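These notes concern the structure reproduced below.
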Amino acid sequence: MTYTGLRIARHAAIADIDAAAWNALGGGHATLSHAFLDALESSGCVSADTGWQPDHLALYDGDTLVAALPGYLKSHSYGEYVFDWAWAEALERTGRSYYPKQLSAIPYTPVPGPRLLARDNAARTRLVDAWLQQAESSGLSSAHLLFPDAVSLAALRDRPGLLLRESVQFHWHNAGYADYEAFLATLSRDKRKKIRQERHRVCDAGITLRRVDGADLDDAALALFIACYRNTYRVRGQRPYLNARFFETLRSRIPSSLMMVIASRNGHDIACALSLRDDRRLYGRWWGEMEYVPCLHFEACYHQGIEYAIERGLEAFEGGAQGEHKMARGFEPVRTASAHWLRDADFADAVARYLQRERAGMALHINELEERTPYRDGGRATVGQEGVGLADLQ
């Protein structure tokens, strides 16, 4: 489609954008839903006070939303999972300010997916134009777009002045398994043995587990999760990013997007794992415990999620950022990407040289990971993965 009269708008709250129009562009992705983003904002977890000032970009054809991008003005780099602290320190040593910066991402959520939400490629191209123009005119040091899917990345790849960065996550992929045992049968012998030992160890500790879909989460279950979540941060001497109001809002507005695993011992609930889901994928997100039990984290956060994905016919389970230990439990390396625009030419040149070296090292690292497949005979289970290929970054 050819657009001649598009109107660009910036919105200081996701609530200012029509929910149905936004969701239509988001394609049903759990972390991109209007309700999820609004829960972050309405709970106060995402705000200027927390260093995440909403600044969403939208393109309208008349009154019709045709493209949009989740955006924020950031006063720090917490909660992003693409680490640029060294960049900030290097620029500020020269007397220039790195913060605030412009960011397109899902707050506290390292899940790859659409970032340039658009009705068609023409609208997506105009959205990239608007995003870069906003960066140029803002006076800010930089603009960053994190964890785009391949479609969004393709629209960014050839843009002058944009630097592309590669990283890796670990996702489990459903190859049409009839049940959990069918999945285990595809793993190498030592990996099967290790998983069975882990699961037996949890069972021998007297732990029982149950899975609860969001529609069945009552007040007691949600209160348990919040207590476990807070306690896990407390024992680490940290403050949680998310508050009770956020989780209560999710349960109220999008219960079908939630799945909780609850672990109990001697009749007492002691730990929880809370995941997001959509029609295609499960996303492991939040964990908390009141007491430590060896291997319980692996059981609640990985093995139970895989069982659930198989039972529900989901195509994949994303276990969160980082974590090579996930490979021993059936997860596989998946390339992820980010795009970066830097205002200062000398700084951008220095970062580009750094990224060239980093990309070469990352390619070797990913190749080495792929050679360590947990599947028998060096095979892979990967089906329809969301990751991006190295060619997308060149």
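All values derive from a computational prediction rather than experimental measurement. The first residue of the sequence shown is numbered 1, and numbering continues consecutively from there.
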Would you please say whether a donor-acceptor pair under 3.5 Å links the side chains of [X] and [Y]?
| X | Y | result |
| --- | --- | --- |
| Thr64 | Asp61 | no |
| Ser188 | Asp190 | yes |
| Arg210 | Ser264 | yes |
| Glu198 | His200 | no |
| His173 | Glu332 | yes |
| Ser77 | Tyr99 | yes |

Trace of the ring-ring contact (aromatic ring centres under 6.0 Å, His included) decision for Trp286 with Tyr108: CA-CA 11 Å; Trp286 306 289; Tyr108 316 118; over 10 Å; no
Min side-chain heavy-atom separation Glu370-His365 under 4.5 Å: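 In short, these two side chains do not touch, never coming nearer than 4.5 Å.
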Note, Arg126 side chain near Leu6 side chain (heavy atom, < 4.5 Å):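 Arg126 vs Leu6: side chains touch.
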Met290 and His268: CA distance, side-chain angles, deciding distance, side-chain contact (heavy atoms from CB on, under 4.5 Å) verdict: CA-CA 10 Å; Met290 299 306 293; His268 299 286; over 6 Å; no
Would you check if the distance from the ring center of [X] to the ring center of [Y] is below 6.0 Å?
| X | Y | answer |
| --- | --- | --- |
| Tyr233 | Trp287 | no |
| Tyr72 | His56 | yes |
| His144 | Trp341 | no |
| Phe317 | Tyr308 | no |

Nearest heavy atoms of [X] and [Y], plus distance in Å:
| X | Y | value |
| --- | --- | --- |
| Ala205 | Val293 | CB-CG1, 4.0 Å |
| Ala68 | Leu127 | O-CD2, 3.3 Å |
| Cys272 | Ile262 | SG-CG1, 4.3 Å |

Charged tip of Arg7 within 45° of Tyr60 ring normal and under 6.0 Å: yes
NZ or CZ of Arg329 within 45° of Phe298 ring axis and under 6.0 Å: yes
Linking I/L/V/M/F/W/Y whenever their side-chain heavy atoms sit closer than 4.5 Å, directly or via other members, would [X] and [Y] fall into one cluster?
| X | Y | value |
| --- | --- | --- |
| Leu140 | Leu162 | no |
| Phe147 | Trp85 | yes |
| Tyr292 | Val261 | no |

N-O pairing of Arg196 and Glu181 below 4.0 Å: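 Salt bridge flag = yes for Glu181 with Arg196.
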Ring pair (Phe, Tyr, Trp, His ring centres under 6.0 Å), paired with His340, selected from Tyr354, Phe347, Trp87, Tyr98: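 Checked Tyr354, Phe347, Trp87, Tyr98 against His340; only one passes ring pair (Phe, Tyr, Trp, His ring centres under 6.0 Å): Trp87.
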Residue [X] excluded, over 12 heavy atoms near [atom1] under 6.0 Å:
| X | atom1 | result |
| --- | --- | --- |
| Gln238 | CD | yes |
| Asp63 | CG | no |
| Asp16 | CG | yes |
| Arg192 | CZ | yes |

Verdict with supporting geometry, Phe331 and His325, ring-ring contact (aromatic ring centres under 6.0 Å, His included): CA-CA 9 Å; Phe331 291 74; His325 62 277; 8.8 Å; no
If we ignore hydrogens and angles and just use 3.5 Å, is the side chain of [X] paired with the main-chain N or O of [Y] as donor and acceptor?
| X | Y | value |
| --- | --- | --- |
| Arg245 | Ser42 | yes |
| Asn23 | His34 | yes |
| Glu41 | Ile14 | yes |

Pairwise distance CZ(Arg253) to CD(Glu248) - rounded to 0.5 angstrom: 14.0 Å
Parallel, tilted or perpendicular, as decided by the 30° and 60° cut-offs, for the rings of Phe183 and Tyr180: perpendicular
Whether Phe225 and Phe247 hold their rings parallel, tilted or perpendicular, with breakpoints at 30° and 60°: perpendicular
CA sep, side-chain torsions, deciding dist, call: Glu318, Trp172, side-chain contact (heavy atoms from CB on, under 4.5 Å): CA-CA 6 Å; Glu318 301 185 19; Trp172 176 87; over 6 Å; no
Candidate pair Leu156 and Val128, rule side-chain contact (heavy atoms from CB on, under 4.5 Å), full reasoning: CA-CA 7 Å; Leu156 298 165; Val128 177; 4.1 Å; yes
Test salt bridge (charged side-chain N to carboxylate O under 4.0 Å, His left out) applied to Arg96 and Asp344, step by step: CA-CA 10 Å; Arg96 293 169 286 182; Asp344 292 291; 3.5 Å; yes
Option from Lys101, Lys74, Arg10 for which salt bridge (Lys or Arg N to Asp or Glu O under 4.0 Å) with Asp55 holds: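 Passing option: Arg10.
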